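Lettering follows sequence order; numbering is per chain, from 1. Values in this document were obtained by computation on a predicted structure and should not be read as measured data.
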Protein chains: 2
Amino acid sequence: MLQHDQLVLAIVDDHPIVIEGLKNLLASATGFDIVSFTTGSDFLNYLKTNGADVVLLDIVLPDANGLELCRDIKKKYPDITILAISNQAERSIIQQMLQNGASGYLLKNASADELLDCIEKGMKGETALSKEAKDILSGPATNDWNSIPSLTKREKEILRLISEGLSSTDIADKLYLSQLTVETHRRNIIQKFQTNNMFSVIKLAMEHKII
Amino acid sequence: MLQHDQLVLAIVDDHPIVIEGLKNLLASATGFDIVSFTTGSDFLNYLKTNGADVVLLDIVLPDANGLELCRDIKKKYPDITILAISNQAERSIIQQMLQNGASGYLLKNASADELLDCIEKGMKGETALSKEAKDILSGPATNDWNSIPSLTKREKEILRLISEGLSSTDIADKLYLSQLTVETHRRNIIQKFQTNNMFSVIKLAMEHKII
DNA sequence: TTTTACCTACCTGTTTTTCGGTATATTTCG
DNA sequence: CGAAATATACCGAAAAACAGGTAGGTAAAA
């Protein structure tokens with residue numbers, strides 16, 4: 001049994017069943033104090049008045065994007081060790097997560113041993129990947145990472161509105177911008193996707209789950 | 001074996017963490033004997049020599065399709081109560097599962113109470129749906145069959161080319177049509193989707209896997 | 001056989017997007 | 001702090017999309 005008597009481990013996952021499973025696994029194998037949350041904002045609230053040493057963070061949450069949440073947590077509380085837990089087995093997601101400060105990435109079909117092992121590694125400062133995550137990263141280096149542009153928050157917002165059928169002037173009204181500004185964003189988005197018009201941008205963005 | 005009069009509940013899920021969670025929840029709240037499997041074939045093997053009363057069946061399994069597995073189990077062992085457990089929140093999946101003999105459908109974000117409630121209902125022969133599953137089934141019927149327009153072959157072809165970034169004149173050249181014809185098709189497509197421009201059409205078409 | 005659906009094509013407009021620039025204030029980050 | 005990224009805004013012109021019509025030919029279905 002590992003001994004971490006005063007360390008706090010937080011679980012952020014919107015599946016009560018998963019939380020129960022993780023609690024059960026960890027309570028019997030470690031000495032962590034365990035707290036759990038089903039939304040990102042609940043956890044951020046908790047952090048205002050409490051501490052945490054390790055976080056098991058689901059990427060898919062009802063109220064937040066796990067990628068951004070991870071970055072935000074790391075920015076405010078750099079000492080927290082974040083391990084991402086997700087069903088998403090896509091290379092780009094794993095890479096983005098690690099880039100945003102996660103210490104590791106576990107797929108939800110990881111075994112209990114892998115989980116404990118990754119927590120240990122993460123706390124030692126090593127990069128902790130479950131077997132399947134490792135396979136994906138070391139696998140065929142597809143060049144699609146280059147063609148998945150990272151949009152800014154504003155750009156994503158505007159792209160989403162475009163995909164819902166709003167014109168540039170509609171969007172300008174909605175966001176209290178000049179339509180010229182919206183058109184500038186449009187151009188930048190199209191350029192980032194290295195394509196020639198918005199139609200293909202929307203297709204690509206949908207394929208890569210950006211919208 | 002101990003206590004043959006006790007009811008047996010089987011969990012079939014490829015996520016060890018989920019299995020732990022379900023075991024933990026059910027062991028403390030019910031008197032079931034609990035067995036678990038991570039593959040469909042493991043479970044089928046078990047059924048050759050053992051019985052089960054209730055099955056919590058994940059739809060996504062490494063070696064089998066949950067839909068077919070459900071049908072097979074029901075055909076061989078009609079008395080087993082099957083509850084589907086899945087992350088997939090799509091109307092058509094739920095409907096297919098119920099048609100294949102499942103007594104209920106739980107989304108993985110269901111609460112412990114919902115889970116216990118559904119097991120009870122399922123064993124009484126009632127249809128047991130978690131709240132969110134119920135919402136999806138009773139919800140806007142518009143989203144699935146009614147508002148998914150059926151495009152003709154030509155229209156699909158043109159929509160696909162538009163989503164790849166080709167303009168009407170590009171498409172006209174490629175398909176040896178007048179660009180006026182292409183524009184007519186565009187208008188008909190937009191009308192079928194009951195929207196105002198191609199951008200939202202592409203989004204909707206991607207969502208419904210038409211392209 | 002009449003109807004219906006589909007593919008094709010055209011006309012006349014208006015609206016919207018796209019492309020070529022430039023430019024400033026703010027925010028973020030090394 | 002200084003540099004880079006981001007969000008904001010403007011001008012002008014060309015290209016494309018959108019919207020309202022109409023309409024002929026073909027093939028399948030009622």
Euclidean distance, atom [atom1] of residue [X] to atom [atom2] of [N] [Å, nearest integer]:
X	N	atom1	atom2	value
A:L151	D:dA7	CG	C1'	14 Å
A:M198	D:dA17	CE	P	14 Å
A:H185	D:dA7	NE2	P	6 Å
B:Q179	D:dA16	CD	P	10 Å
B:I158	D:dC18	CD1	C1'	16 Å
A:I190	D:dA16	CD1	C1'	12 Å
B:N196	D:dC18	CG	P	9 Å
A:L159	D:dA7	CG	C1'	16 Å

Could you tell me if [Y] and [X] have a donor-acceptor pair between their side chains, going purely by distance under 3.5 Å?
X	Y	answer
A:D63	A:S41	yes
B:S200	B:T195	yes
A:N188	A:E155	no

In 5'-to-3' order, the base (B), backbone-only (S) or no-contact (-) status of each nucleotide in nucleotides 20-30 of chain D, using a 4.0 angstrom heavy-atom cut-off, is BB---------

Using modelled atom types only, decide if a donor and an acceptor are shared between the side chain of A:D58 and the backbone of A:V12 within a distance under 3.5 Å. no

Think A:R187 forms a cation-pi with A:F193, using NZ or CZ under 6.0 Å from the six-ring centre and within 45 degrees of its axis? no

Do B:L177 and B:R154 make a side-chain contact, defined as non-hydrogen atoms from C-beta onward lying under 4.5 Å apart? yes

Could you give the start and end, 5' to 3', of the contact zone on DNA chain C for chain B, using atoms under 4.0 Å from its heavy atoms? C:dC6 to C:dC10

Just to be sure I understand the rule, does A:S178 reach a base, reach only the sugar-phosphate, or reach nothing, if contact means heavy atoms closer than 4.0 Å? sugar-phosphate

Starting from the 5' end of DNA chain C, give me the residue, B:E155 or B:F199, whose nearest nucleotide shows up first. B:E155

Which nucleotide in the set D:dT8, D:dA17, D:dC18 lies at the smallest distance from any side-chain heavy atom of B:N197? D:dC18

